[in-house]
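Here the structure comes first, spelled out in structure tokens, and everything after it is commentary.
In what follows, chains are A, B, ... by sequence order, proteins preceding strands, each numbered from 1.
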Amino acid sequence: MSNRKPVICWFRRDLRVGDNRALTSAADAGAPVVAVYILDHESDGIRPPGGASRWWLHQSLRQLSETLRDRGVQLVLRRGRSVDVLAALVDETGASDIFFSRAYEAGEVSIEHDLNRRLGQRVALHRCRGQLLFEPETLSNASGQPYRVFTPFYKGAMRESAPSEPLDAPSKLLDWDGQLASDDLDAWQLEPTGPDWAGGLRQTWQVGEAAAMDRLEGFLDAAAQDYKTGRDRPDQESTSRLSPYLHFGEISPRQVWHASTAAAVTSPAAAGGIEAFLRELIWREFSAHLLFHWPQLTEKPLRPEFERFPWREDPESLRTWQQGRTGYPIVDAGMRELWATGWMHNRVRMIVASFLVKDLLIHWREGEAWFWDTLVDADLANNVASWQWVAGSGADAAPYFRVFNPTLQSKRYDPDGVYARRWIPELGHAPDALADGPQVTSPESAYPEPMIDHAAARERALAAYAALRDT
DNA sequence: TGCCGTTTCGG
DNA sequence: CGAAACGGC
């Protein structure tokens, strides 16, 4: 067996061994498996990961290396243009096949086309599914077009046959006994090289496939019961926090789907919460569907009139927002949670995004760029689709006149100020500091005054929108 | 997956 | 007179 030609399993955003069609198919080929991960910041159309994502990727690759090593296979690390690296690996190993999970972002799609042109005649390429439940090409609306609106997309997806059973991790992997050079993970410097800002991330997250499955099971055992309303409460632990694992493919949407539907059967009390949860999983599918069919979503508003929107250039206010010093506790708590942990509660994401885009009239792309750099779950499709949703410039978006009032949102979703105080220590323990809004902060506190009057800002935003519509 | 000013309804 | 309903942004 050692002299047999190997097959290559090219890991991308599927950093797991369970329910990984590419890996399982490679194993089933019966040949030795060469596993590779390529750090590709060079191919055209690739947006390199932000700081928090790089930190996560480092942990994730270390874990995957260990998992594969335990199964007798080395994870080869290479950097460069994916197609060049794969061509070199084929030369070095004489591999007959390459197995990989398909990806959907424009840059990744081009890589797959280039790979086919470059190596399609020499080796068998196996493009496997796994990152999504539903392929973007297979879902279309009544007129045969890609969906632009969530609800019909959701209904259409629910009419599809249910996702098939997840695969177990392959029971047997054959190692290839040739020698392959591999980069040293540390040399990629994915972790902070200067000041160590990742302490909060380390405290918050257990990265990796096993942790992802633990988290899913823990969520389904407890929080899912109360998810329908609890998911809006940043002061509670009611959400799954699976987003970074899903982004990096440490868990597959099919695994999430199956564990969830099974839990709904076992525990009818949780069924409503689980349905709401799976609906969020379908939002992830919808974002991927939109970006696949409208790659320009990353840069351009889907509603063309927003090209003329009078966004303000205001670097100082942008920085104030980024640093969580707006003077609105729910906004600042969210921005500080993001900076400290690489994650922000979904309800709070909507609040801070509304504040940036509507109160400050700063372009959604600035917010999107900041989230890209700071979120451990930063995902191109989710990020741009959600920012356009908030800004009102997307196809199926919140109407522009929906302006979140940060004070009201605090009262409703963080009624005791628990969340705000957790992230803003200088608020102290004054009983109603938050419920009553920003103006209650004590004068000697270091906490800033509101940077802008919300009522006036709301009027300004509505006027800007009205002008857009009338011209 | 809004907010807000106004109107209407019931005790 | 407060809560609920409503309609415009």
Exercise answer: donor-acceptor pairs, residues 257-264 of chain A side-chain atoms, under 3.5 Å, sequence neighbours excluded:
residue, atom, partner, partner atom, Å
A:His258, NE2, A:Pro163, O, 2.7
A:His258, NE2, A:Ser164, O, 2.8
A:Ser260, OG, A:Val256, O, 2.7
A:Thr261, OG1, A:Trp257, O, 3.0
A:Thr261, OG1, A:His258, O, 3.2

- Item | Rounded distance in Å - CD (A:Glu459) to P (C:dG8) | 17 Å
- Task: Whole angstrom is fine here: how far is it from OH in A:Tyr400 over to C1' in C:dG8?
- Result: 17 Å
- A:Arg279 charged N/C atom sitting above A:Tyr154 aromatic ring, 6.0 Å / 45°: yes
- Message: Output the rounded distance in Å from CD1 (A:Ile282) to P (B:dT1).
- Response: 18 Å
- Note on the structure: Hits for side-chain hydrogen bond (donor to acceptor under 3.5 Å, both in side chains) against A:Gln63, two or more places apart or cross-chain, chain-then-number order -> none
- Residues in side-chain hydrogen bond (donor to acceptor under 3.5 Å, both in side chains) contact with A:Asp196, at least two apart in sequence or another chain: A:Arg202
- Item | By side-chain hydrogen bond (donor to acceptor under 3.5 Å, both in side chains) - contacts of A:Lys300 (at least two apart) | A:Glu307
- Note on the structure: Taken in chain and number order and not counting sequence neighbours, the residues that satisfy ring-ring contact (aromatic ring centres under 6.0 Å, His included) with A:Phe371 are A:Trp387
Atom pairs under 3.5 Å, N or O on each side, protein against nucleotides 3-7 of chain B: can you list them with distances?
residue, atom, partner, partner atom, Å
B:dC3, OP1, A:Asn405, N, 3.0
B:dC3, OP1, A:Gln409, NE2, 3.4
B:dC3, OP2, A:Arg412, NH1, 2.6
B:dC3, OP2, A:Arg412, NH2, 3.0
B:dC3, O2, A:Arg458, NH2, 3.4
B:dC4, OP1, A:Asn405, ND2, 3.1

- Separation of C:dG8 P from A:Arg402 CZ (nearest whole Å): 16 Å
- Query: Could you state the CZ-C1' distance from A:Phe277 to B:dT1, rounded to the nearest angstrom?
  - Reply: 17 Å
- Query: When the distance from CG of A:Asn346 to P of B:dT1 is rounded to whole Å, what number comes out?
  - Reply: 13 Å
- In whole Å, what is the span from the CG atom of A:Asp359 to the C1' atom of B:dG2? 13 Å
